[in-house]
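Heavy-atom basis, side chains included; hydrogens, waters and symmetry copies ignored.
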Amino acid sequence: MENISNQLSYLKGLVDGIKVDPESEYGRIFEGIINVLDEINESVNEILDYQDELSEQIDLIDEDLAIIEEEFADEDDFEDDDFNDWEYYEIDCPKCGATVCLDEDFFDTDKSVVCPECGEEFDIDFDTELEDEE
């Protein structure tokens with residue numbers, strides 16, 4: 001941008017150097033052109049200053065976001081798993097009443113359910129579960 005400012009100053013010097021009468025037709029044309037170019041130069045300088053400010057703000061936001069991403073990456077290691085698509089079932093422990101969550105794959109095994117609260121091991125009776133819900 002400095003180059004445009006320098007060229008504009010040079011142009012003003014040329015017009016002053018040829019001693020064009022500012023009241024003549026050519027003098028008014030030159031003055032009008034130089035005034036328009038000066039306004040354009042100032043507007044471009046303002047835009048560049050604003051762009052620099054925005055760039056600094058974006059850099060700060062990017063740094064903050066990187067910190068947040070790092071904190072969440074440490075807490076969650078789900079990567080590509082879509083947590084919302086997981087289907088699970090809730091069963092109450094017969095001993096302490098705590099809710100035990102089981103996914104669909106659990107029902108394909110012959111394992112007993114172990115309560116995470118009290119450690120009670122129990123089997124699921126599907127007939128009893130269905131009667132309780134009705």
Side-chain angles (χ1 to χ4, degrees):
M1 199 60 224
E2 218 175 281
N3 191 27
I4 294 175
S5 297
N6 290 341
Q7 289 177 351
L8 186 57
S9 295
Y10 177 74
L11 185 58
K12 287 179 184 178
L14 283 177
V15 171
D16 288 343
I18 59 173
K19 299 190 192 287
V20 176
D21 180 18
E23 300 301 320
S24 72
E25 291 177 13
Y26 292 114
R28 289 185 299 215
I29 291 173
F30 283 136
E31 185 178 344
I33 291 171
I34 289 175
N35 287 340
V36 168
L37 291 174
D38 206 21
E39 288 290 323
I40 292 171
N41 185 44
E42 287 179 26
S43 296
V44 170
N45 282 334
E46 288 175 9
I47 291 170
L48 290 174
D49 289 343
Y50 185 67
Q51 180 184 1
D52 288 342
E53 288 176 25
L54 286 177
S55 180
E56 288 175 16
Q57 290 177 355
I58 288 171
D59 288 343
L60 292 173
I61 291 170
D62 187 43
E63 290 172 11
D64 291 344
L65 184 59
I67 292 169
I68 291 170
E69 287 174 343
E70 188 176 303
E71 287 179 14
F72 278 112
D74 290 343
E75 291 178 17
D76 301 329
D77 287 333
F78 290 115
E79 293 180 12
D80 294 332
D81 292 338
D82 191 1
F83 185 72
N84 294 327
D85 287 343
W86 290 355
E87 191 167 339
Y88 65 92
Y89 301 92
E90 295 180 354
I91 298 173
D92 293 333
C93 173
K95 182 176 180 185
C96 69
T99 302
V100 180
C101 296
L102 304 171
D103 65 0
E104 288 179 331
D105 296 335
F106 179 83
F107 298 105
D108 294 336
T109 66
D110 292 332
K111 296 180 184 177
S112 296
V113 179
V114 177
C115 177
E117 297 293 322
C118 68
E120 177 74 16
E121 188 173 312
F122 60 95
D123 292 320
I124 301 171
D125 183 9
F126 289 102
D127 295 330
T128 306
E129 291 291 324
L130 292 175
E131 290 172 7
D132 291 342
E133 290 179 9
E134 294 175 359

Fill in the blank from the handout: With sequence neighbours left out, the residues meeting ring pair (Phe, Tyr, Trp, His ring centres under 6.0 Å) with F122 are none
Completion exercise
Taken in chain and number order and not counting sequence neighbours, the residues that satisfy side chain to side chain donor-acceptor pair (under 3.5 Å) with D59 are none
Fill in the blank from the handout: Taken to the nearest 0.5 Å, the spacing of E63 CD from I61 CD1 works out to 10.5 Å
For a quick test of your reading: what N or O donor-acceptor pairs under 3.5 Å do the side chains of residues 13-33 make, sequence neighbours left out?
unit_1 : atom_1 : unit_2 : atom_2 : d
D21    : OD1    : E23    : N      : 3.4
S24    : OG     : D21    : O      : 2.8
S24    : OG     : G27    : N      : 3.1

Practice task
To the nearest 0.5 angstrom, please state how far the CD1 atom of I91 sits from the OG1 atom of T99.
Solution key: 10.0 Å
Practice task
Would you name the heavy atoms of D123 and S112 that are closest together and state the gap between them?
Solution key: OD1-OG, 2.8 Å
Problem - Main-chain N/O of E39 paired with S43 side-chain donor or acceptor, under 3.5 Å - result: yes
Completion exercise
Separation between CG (L11) and CD1 (I4), nearest 0.5 Å, reads 13.0 Å
Exercise for the section: State, to 0.1 Å, how close S5 and N45 come at their nearest heavy-atom pair, and which atoms those are. Expected result: OG-ND2, 4.3 Å
Handout entry: Separation between CG of N41 and CD1 of I34, rounded to the nearest 0.5 Å
Key = 12.5 Å
Practice task
Treating Ile, Leu, Val, Met, Phe, Trp and Tyr as nodes and any side-chain heavy-atom pair under 4.5 angstrom as an edge, say whether Y89 and V113 lie in one connected cluster.
Solution key: yes
Completion exercise
Taken to the nearest 0.5 Å, the spacing of L65 CG from F72 CZ works out to 10.5 Å
